[in-house]
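Only one structure is covered here, and it is reproduced in the block below.
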Number of protein chains: 2
Amino acid sequence: MTPRRRRIPDATVARLPVYLQVLVEQADLGVDNISSEGLAELAGVNAAKVRKDLSYLGSYGTRGVGYEVAYLVYQIRRELGLDHDWPVVIIGAGNLGQALAGYGGFHDRGFDVVGIVDVDPDKVGIRLGDGDDAVEVRPVSELPRIVARSGVSIGVVATPPSAAQQAAEQLVAAGITSVLNFAPVVLNVPVGVTVRKVDLAVELQILSYHEQRRLSAAAPSGSTLRAVRP
Amino acid sequence: MTPRRRRIPDATVARLPVYLQVLVEQADLGVDNISSEGLAELAGVNAAKVRKDLSYLGSYGTRGVGYEVAYLVYQIRRELGLDHDWPVVIIGAGNLGQALAGYGGFHDRGFDVVGIVDVDPDKVGIRLGDGDDAVEVRPVSELPRIVARSGVSIGVVATPPSAAQQAAEQLVAAGITSVLNFAPVVLNVPVGVTVRKVDLAVELQILSYHEQRRLSAAAPSGSTLRAVRP
DNA sequence: TAGATTGTTAATCGATTAACAATC
DNA sequence: TAGATTGTTAATCGATTAACAATC
């Protein structure tokens with residue numbers, strides 16, 4: 001009854017997809033072996049971190065030689081659960097929802113948008129994406145059926161902020177256990193449901209902070225840009 | 001010549017926009033004062049963290065009372081450089097670039113898309129967004145002019161992965177100092193340029209990992225879902 | 001064997017949290 | 001004054017990194 005493998009640190013889990021991406025690229029270039037130093041360089045991290053991260057997966061390298069690219073790709077994919085495709089459902093077919101449904105980057109990396117739903121009857125029926133991967137916007141009432149039919153466990157919230165909490169509840173009620181939230185609100189979900197949040201404006205706000213610092217670093221010390229204290 | 005303020009930890013900078021979002025919401029609801037406990041609850045973190053984070057900005061609370069919402073909004077905005085709008089330019093007018101240019105969430109939070117460029121002549125001329133904020137796709141050759149005219153310092157890379165590095169170089173050459181990268185590649189930029197990366201598929205991959213764990217936790221110990229070791 | 005590179009240990013660093021004196 | 005809540009200290013935890021023995 002002991003777990004087969006210790007928990008992998010969050011920080012490592014977040015980097016594994018980056019290593020995977022780099023390794024797949026190298027495999028395509030015909031590279032068979034790579035050292036922690038080489039992988040680190042390409043992934044933009046340091047070599048000790050690469051070795052430590054990979055050591056959580058097991059001892060898959062060869063001392064004096066490095067790591068076999070194809071084998072490492074296989075192991076990282078297996079660890080992340082990427083050895084099979086994942087169906088995904090999107091709730092909210094506005095600007096962003098439509099772009100996500102039509103975004104090839106998901107399908108390319110093993111995620112199939114099997115459904116997109118919206119409350120707005122005017123949006124229902126719109127076809128998004130192309131070829132085999134095209135989906136049609138359906139009413140929210142069909143969410144449970146879509147989830148049940150396709151065995152979806154990952155849902156994407158792409159509604160306006162005011163509708164996001166209800167959307168999340170509808171996803172959870174339909175059986176979704178992982179949520180990717182694009183709405184700028186904090187979602188409340190039952191324990192056991194995993195939420196990740198991507199707030200596009202927040203990313204810009206953080207860049208704004210860095211730009212701001214750059215400006216004040218550049219400003220002369222007697223600058224008029226001084227902070228105002230009450 | 002000493003810096004007016006110690007550096008704020010990255011983890012804190014990443015949370016400030018969340019506090020800001022919650023505080024603006026509360027201000028709209030007519031709430032004047034909030035305790036670290038209340039803000040923590042709404043932001044989904046713990047109260048000690050809120051107090052520590054806010055303490056990096058200064059001592060803006062009142063013991064026994066809490067924080068004045070409006071004043072905290074003002075201070076966080078000032079710290080993040082959000083006391084004025086920021087112009088933003090997008091390179092790449094595919095699916096994602098078009099969605100970002102038309103995405104109201106940027107403008108709502110103080111970011112103006114002042115230009116979007118693409119190498120594809122077929123894309124040039126497409127109008128995106130609506131009303132005052134509409135922009136027209138322009139050729140990449142106009143990038144330097146757009147940056148110079150609008151004083152843009154933040155650029156968004158929304159090209160396919162194969163074009164992303166060159167796109168980043170064009171942004172930097174045009175004078176951009178902060179880059180938001182949506183392409184699934186590691187960008188190489190000169191020191192001094194800040195890059196943040198948002199990889200939509202990576203977010204799904206991390207959720208995939210959590211789903212995978214959920215499955216193997218649920219599977220009986222003699223399950224056929226056992227990992228294959230060589 | 002000599003050279004290279006992993007996997008792991010131990011040191012360091014940074015972030016989180018509990019606890020509480022300060023103070024409204 | 002009594003109750004509430006901040007701001008800060010100190011303890012804890014987790015992540016990063018350097019260093020090096022193990023080993024190909």
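Chain identifiers are assigned alphabetically (A, B, ...) following the order of the sequence lines, protein sequences preceding nucleic acid strands; residue numbering begins at 1 within each chain.
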Partners of B/R15 by salt bridge (charged side-chain N to carboxylate O under 4.0 Å, His left out), sequence neighbours excluded?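 With sequence neighbours excluded, B/R15 shows a salt bridge (charged side-chain N to carboxylate O under 4.0 Å, His left out) to B/D53, given in chain and number order.
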Option from B/Y19, B/Y71, B/Y67, B/Y74 for which ring-ring contact (aromatic ring centres under 6.0 Å, His included) with B/Y60 holds: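 In the set B/Y19, B/Y71, B/Y67, B/Y74, the residue that makes a ring-ring contact (aromatic ring centres under 6.0 Å, His included) with B/Y60 is B/Y71.
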I want to confirm an ordering. Mapping A/G64 and A/T12 to their closest nucleotides on DNA chain D, which one lands closer to the 5' end?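 In this pair, the answer is A/T12.
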Ignoring hydrogens and geometry beyond distance, is a side-chain donor-acceptor pair present between B/E79 and B/Q75 at under 3.5 Å?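 Checked: B/E79/B/Q75 side chains show no N/O donor-acceptor pair below 3.5 Å.
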A/S153-B/R214 side chain donor-acceptor pair, cut-off 3.5 Å: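 No - no donor-acceptor pair under 3.5 Å links their side chains.
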Of the options C/dA15, D/dA15, C/dT16, whose atoms approach the side-chain atoms of B/R15 most closely?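 For B/R15, the side-chain atoms sit closest to C/dT16.
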Would a distance-only check, ignoring hydrogens and angles, find a side-chain to backbone donor-acceptor pair under 3.5 Å from [X] to [Y]?
X      : Y      : result
A/Q21  : B/P184 : yes
A/N46  : A/A48  : yes
A/S150 : A/V147 : no

One pair to check against side chain to side chain contact (heavy atoms under 4.5 Å, CB included): B/L82 and A/Q205. What are the steps and the verdict? CA-CA 7 Å; B/L82 301 174; A/Q205 288 175 337; 3.7 Å; yes
Above 12 or not: heavy atoms from other molecules or residues under 6.0 Å from [atom1] of [X]?
X      : atom1 : answer
A/E41  : CD    : no
A/E169 : CD    : yes
B/Q165 : CD    : yes

Going by heavy atoms in the side chains, are [X] and [Y] under 4.5 Å from each other?
X     : Y      : value
A/P17 : B/D199 : no
B/L42 : B/I34  : yes
A/L80 : B/Q212 : no

Among residues 17-34 of chain B, which ones have heavy-atom contacts with DNA chain D below 4.0 Å?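 The stretch gives none, as no residue of it lies under 4.0 Å from the strand.
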Please give, in whole Å, the distance from [N] [atom2] to [X] [atom1]?
X     : N      : atom1 : atom2 : result
B/L54 : C/dT17 : CG    : P     : 15 Å
B/L57 : D/dT6  : CG    : C1'   : 14 Å
B/D53 : C/dA15 : CG    : C1'   : 10 Å
B/K49 : C/dA18 : NZ    : P     : 10 Å

Kindly say if B/S36 contacts the phosphate of D/dT6, meaning a side-chain N or O under 4.0 Å from OP1 or OP2.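 So the side chain of B/S36 is within the cut-off, an N or O lying under 4.0 Å from OP1 or OP2 of D/dT6.
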Taking only the side-chain nitrogens and oxygens of A/Y67, find out if one of them lies under 4.0 Å from OP1 or OP2 of C/dG7.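 Yes, A/Y67 has a side-chain N/O under 4.0 Å of OP1/OP2 on C/dG7.
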Between the protein and nucleotides 19-21 of chain D, list every N/O to N/O distance that falls short of 3.5 Å.
unit_1: D/dA19; atom_1: N6; unit_2: A/R51; atom_2: NH2; d: 3.3

Passes side chain to side chain contact (heavy atoms under 4.5 Å, CB included), A/V113 versus A/V89? Steps please. CA-CA 6 Å; A/V113 177; A/V89 66; over 6 Å; no
Assess the residue pair A/V193 and A/I176 against the criterion (side chain to side chain contact (heavy atoms under 4.5 Å, CB included)); give the C-alpha distance rounded to whole Å, side-chain angles, the decisive distance to 0.1 Å, and a yes or no. CA-CA 8 Å; A/V193 175; A/I176 289 300; 5.8 Å; no
Close approaches to DNA chain C from residues 37-46 of chain A, in residue order (heavy atom, under 4.0 Å):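 Those residues: none at all.
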Watson-Crick or G-U stems involving DNA chain D, each at least 3 pairs long, distances under 3.5 Å, ordered by first number: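 DNA chain D stems, ordered by first number: C:3-24 with D:3-24.
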Assign a letter to each nucleotide of nucleotides 9-14 of chain D from its 5' end: B, base within under 4.0 Å of a protein heavy atom; S, sugar-phosphate only; -, no contact. B-----
